[in-house]
Structures are given as C-alpha cells and as structure tokens.
Number of protein chains: 2
Amino acid sequence: MQDKYETKLRVRGYRMTPQREMIIAALTSSDHHITAEEIFASLHERTRALNIATVYRTLDLLVEEGLVCRTDLGGDRVYYAPLRHGPHIHLVCRHCGQVIEADYSQIAPLKKRLQEQYDFAADLKHVSFFGICETCQSTEQVEN
Amino acid sequence: MQDKYETKLRVRGYRMTPQREMIIAALTSSDHHITAEEIFASLHERTRALNIATVYRTLDLLVEEGLVCRTDLGGDRVYYAPLRHGPHIHLVCRHCGQVIEADYSQIAPLKKRLQEQYDFAADLKHVSFFGICETCQSTEQVEN
DNA sequence: CTCGCTGTTGCGAATGATTGCAATAACAAA
DNA sequence: TTTGTTATTGCAATCATTCGCAACAGCGAG
C-alpha cells in the first residue's frame with residue numbers, strides 16, 4: 001500500500017521525500033480516520049525532521065491526487081483516511097460519532113437527477129452525511 | 001423577518017440583546033451568503049459595542065435553532081444565510097463559486113434508502129454538494 | 001421601580017489550519 | 001559523480017474560530 005502510493009506520486013511528477021514517506025506510512029498503517037495533528041504527534045515522537053505544516057501540505061496533496069479522503073466529521077478537526085476501496089459515502093452519527101461507510105450506489109441516482117434537472121455535475125465521491133445511527137435512535141427515544 | 005426571528009428566540013427562552021438584534025439585522029438584510037467576519041466588519045464600522053466572539057456565538061445559536069443555515073462552501077471560511085424558504089440543498093460550483101439552490105425533493109429518496117438499508121436517520125436539510133455547474137462544464141471543455 | 005437570577009458579553013488566550021519566504025534537497029541531465 | 005533546476009521544507013507569522021472566565025445586563029418576580 002505504502003509503495004503503491006509512492007509510485008503513484010512519483011509517476012505524477014512529485015518528489016519522494018522522507019517526510020512524505022513518513023506521513024504516508026502513518027496514514028496507511030492506521031485503520032481508522034486520523035487527524036493531521038495525530039499523524040504529526042506520532043511521528044514527532046521519534047524524529048524532529050518533520051513540521052506540522054508539511055503534514056498539512058502533504059495531506060492536501062494526497063487528497064488532491066485522490067489517494068486520501070478528507071472528511072469533516074462535524075467536530076473541530078478534519079479527519080483523513082487512505083482510499084483502500086473505491087468511492088463510498090460516510091454516514092456520521094451526531095450522537096456517538098460512529099462512521100458508517102455506505103455504498104456509493106446509494107447516491108448514483110441523485111447524481112443523475114442533479115445533472116438532468118440542474119445541469120450540475122456533482123462530485124459525490126466520499127461525501128459525508130450527518131444524522132443518527134440505529135443504536136442512538138433507540139437510545140434517544142428512551143431518554144426523551 | 002427581523003421581528004420574526006426575535007420573537008422566535010424570545011419564545012424559546014433566549015434574551016434579546018442589542019448585539020443579537022444587530023447581527024440578525026445584518027443577516028436578514030443581506031441577500032447572499034455572508035461570513036461571520038463580514039457581519040462583524042459591517043457592524044463594527046458604526047459601533048464598538050460588538051465583539052467578534054459574540055458574532056460567532058450568535059450565529060451558532062441561530063443555526064442550532066434552525067433559523068439560519070451554515071454552509072461550508074469549500075473555501076477557508078464558513079458562510080451563513082437566513083432560512084427564508086424551507087429546506088433545500090446547495091450545489092456549489094468548484095470552478096466559479098456559484099451556489100445553486102436545489103429542491104429538497106431531490107434527496108428525499110436518498111434519505112429513505114439510507115434509513116431502510118443502514119437504519120441511519122440522515123439529516124439532509126441544507127447539505128452542500130460540490131461539482132461543476134452548467135456554464136463551467138462547457139467552459140472547461142473548451143480550455144482542455 | 002427595584003432586585004436578583006442567570007443568560008450573555010467582552011476580553012484575551014488558545015486552537016486547528018494556512019501562508020510567505022528563504023533555505024534545502026530530490027532527481028534528471030551532463 | 002557533479003551540477004542546476006525547481007519542488008519541497010521549516011519557520012514564524014497569520015488566519016478563522018473557539019473557549020474560559022469575570023463583568024455585565026435582560027427580564028420576570030415582587
């Protein structure tokens with residue numbers, strides 16, 4: 001996975017630096033969504049050859065190149081995750097913070113409709129929707 | 001419009017202050033999406049009895065109460081707009097920045113599907129989708 | 001009209017994130 | 001292996017936004 005990322009960047013004309021390697025490694029070895037600050041903290045423990053600005057810039061680059069997905073989970077931070085599988089959408093529970101990955105096919109009809117009725121080519125890959133998940137729906141009913 | 005807002009807040013147990021009045025007035029008299037900083041700047045010209053933190057707090061309140069919609073138009077700032085009409089969705093052009101307001105009925109089927117297949121109660125009122133608008137679609141083809 | 005409770009404000013500090021710029025280093029070409 | 005070009009980095013300043021806390025003020029009760 002790590003190598004695949006680096007090859008892709010190199011092919012597209014980007015230079016490979018120790019900093020980018022570290023950041024990609026941290027991203028791909030994490031199995032959840034992770035923040036820029038978390039990436040920086042875990043790497044900065046071992047080396048001082050990394051700056052927080054570089055982390056942000058590298059993440060921007062990876063998002064731009066479609067290798068990583070940036071998700072605003074509604075809180076004060078922005079989360080990042082490698083794109084292992086194809087496009088999907090995020091269902092973020094406002095109550096417990098859980099993130100469900102839903103199939104992209106769910107919004108294909110919407111995309112078509114927006115193009116037909118508004119001539120708008122929507123990019124719906126990796127969008128996030130906020131709401132209440134199954135568990136919290138039942139919990140909330142009990143509370144109220 | 002202004003009065004309607006103030007009545008609603010009062011009924012819900014909030015206090016009416018000069019600051020809140022000013023902010024609501026600025027919001028409702030603007031006809032586009034506007035930033036917190038813009039609201040503050042336009043008001044601060046005439047009076048110093050207003051702090052930027054208060055602007056942000058009041059906007060949070062109005063959003064929370066469903067009177068104003070907060071939209072991340074993808075840039076570095078967040079935009080706010082009064083909710084004159086009912087729920088709708090935003091189609092934001094990544095190219096020219098134009099914001100199209102699309103009918104809420106466009107995503108009703110999606111909401112239903114997410115509930116059925118993932119037991120997720122999505123809140124899809126005033127969501128924003130990014131993409132390319134009609135005009136820019138033709139322009140881009142020429143450019144490339 | 002006065003009082004008192006408590007919601008609201010201003011201030012300043014702190015947060016996450018971005019930017020300009022000079023120094024550095026990746027990598028292709030010689 | 002050396003060199004030159006230019007992408008990339010570190011640093012510090014800056015930005016938009018949030019937060020803690022003490023002072024203040026709205027408004028209902030008396």
Side-chain angles (χ1 to χ4, degrees), chain A residues 3 5-27 33-44 46-65 67-80, chain B residues 3 5-27 33-44 46-65 67-80:
Chain A
D3 287 346
Y5 273 49
E6 299 184 2
T7 310
K8 281 193 181 177
L9 287 185
R10 235 185 274 265
V11 163
R12 298 180 202 186
Y14 296 102
R15 293 179 185 171
M16 201 41 53
T17 66
Q19 289 84 355
R20 286 184 178 165
E21 281 177 23
M22 296 165 72
I23 294 166
I24 291 171
L27 256 174
H33 292 80
I34 186 172
T35 68
E37 214 71 47
E38 282 167 358
I39 291 174
F40 176 70
S42 75
L43 294 174
H44 199 257
R46 283 183 235 142
T47 172
R48 229 179 318 161
L50 180 63
N51 188 277
I52 184 69
T54 302
V55 176
Y56 280 108
R57 277 188 287 229
T58 301
L59 288 171
D60 282 350
L61 174 71
L62 293 170
V63 170
E64 197 69 29
E65 291 300 316
L67 301 174
V68 160
C69 117
R70 170 192 282 131
T71 316
D72 180 353
L73 297 186
D76 41 357
R77 288 154 225 266
V78 174
Y79 287 80
Y80 298 85
Chain B
D3 287 347
Y5 274 48
E6 300 183 2
T7 310
K8 279 193 182 174
L9 287 184
R10 236 186 274 265
V11 163
R12 297 179 203 185
Y14 296 103
R15 293 179 185 168
M16 200 42 52
T17 66
Q19 289 85 354
R20 286 184 178 165
E21 282 177 23
M22 295 165 72
I23 294 166
I24 291 172
L27 256 175
H33 293 78
I34 187 174
T35 68
E37 214 69 50
E38 282 166 358
I39 292 174
F40 176 71
S42 74
L43 295 174
H44 198 257
R46 283 183 233 141
T47 173
R48 229 180 316 161
L50 180 63
N51 190 276
I52 184 68
T54 303
V55 176
Y56 280 108
R57 278 187 288 227
T58 302
L59 288 171
D60 282 350
L61 174 70
L62 293 170
V63 170
E64 196 68 31
E65 291 300 317
L67 301 174
V68 159
C69 116
R70 172 193 281 130
T71 315
D72 181 353
L73 297 186
D76 40 358
R77 289 155 225 265
V78 174
Y79 286 79
Y80 297 86

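Both backbone and side-chain heavy atoms feed into the values below; hydrogens, waters and symmetry mates do not.
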What is the first contacted nucleotide of DNA chain C and what is the last, in 5' to 3' order, if contact means an atom lying under 4.0 angstrom from a heavy atom of chain A?
dG16(C) to dC27(C)
Per Tyr56(B) side chain, nearest of listed nucleotides dA16(D), dT9(D), dT8(D):
dA16(D)
Does any N or O in the side chain of [X] come within less than 3.5 Å of the main-chain N or O of [Y], such that one atom is a donor and the other an acceptor?
{"X": "Arg12(A)", "Y": "Glu65(A)", "result": "yes"}
{"X": "Arg10(B)", "Y": "Met16(B)", "result": "no"}
{"X": "Arg20(A)", "Y": "Arg15(A)", "result": "yes"}

Give the rounded distance in Å between these two atoms: [atom1] of [X] and [atom2] of [N].
{"X": "Asp60(B)", "N": "dT17(D)", "atom1": "CG", "atom2": "P", "value": "10 Å"}
{"X": "Tyr79(B)", "N": "dA16(D)", "atom1": "OH", "atom2": "C1'", "value": "12 Å"}
{"X": "Glu38(B)", "N": "dT17(D)", "atom1": "CD", "atom2": "C1'", "value": "15 Å"}
{"X": "Arg12(A)", "N": "dA7(D)", "atom1": "CZ", "atom2": "C1'", "value": "17 Å"}
{"X": "Asn51(B)", "N": "dG20(D)", "atom1": "CG", "atom2": "P", "value": "16 Å"}
{"X": "Glu21(B)", "N": "dA25(D)", "atom1": "CD", "atom2": "P", "value": "15 Å"}
{"X": "Ile52(A)", "N": "dA13(D)", "atom1": "CD1", "atom2": "P", "value": "18 Å"}
{"X": "Asp72(B)", "N": "dT17(D)", "atom1": "CG", "atom2": "C1'", "value": "13 Å"}

Base dA16(D) to side chain Arg77(B), donor-acceptor N/O within 3.5 Å cut-off:
no
What does Arg48(A) touch in the nucleic acid at a heavy-atom separation under 4.0 angstrom: a base, only the sugar-phosphate, or nothing?
nothing
Looking across every strand, which nucleic acid part, if any, lies under 4.0 Å from Arg20(A) by heavy atom: base, sugar-phosphate, or nothing?
sugar-phosphate
For the residue pair Leu62(A) and Leu9(A), establish whether any side-chain heavy-atom pair is separated by less than 4.5 Å.
yes
Could you report the tightest heavy-atom contact between Tyr56(A) and Ala36(A), atom names first, then the distance?
CE2-CB, 3.5 Å
When you match Val78(B) and Thr54(A) each to their closest nucleotide on DNA chain D, which lands nearer the 5' end?
Thr54(A)
The single option from Thr58(A), Leu50(A), Ile52(A), Ile34(A) that satisfies side-chain contact (heavy atoms from CB on, under 4.5 Å) with Ile39(A) is Ile34(A)
Please assess Phe40(B) against Met22(B) for the test side-chain contact (heavy atoms from CB on, under 4.5 Å), listing each intermediate value before the final yes or no.
CA-CA 10 Å; Phe40(B) 176 71; Met22(B) 295 165 72; over 6 Å; no
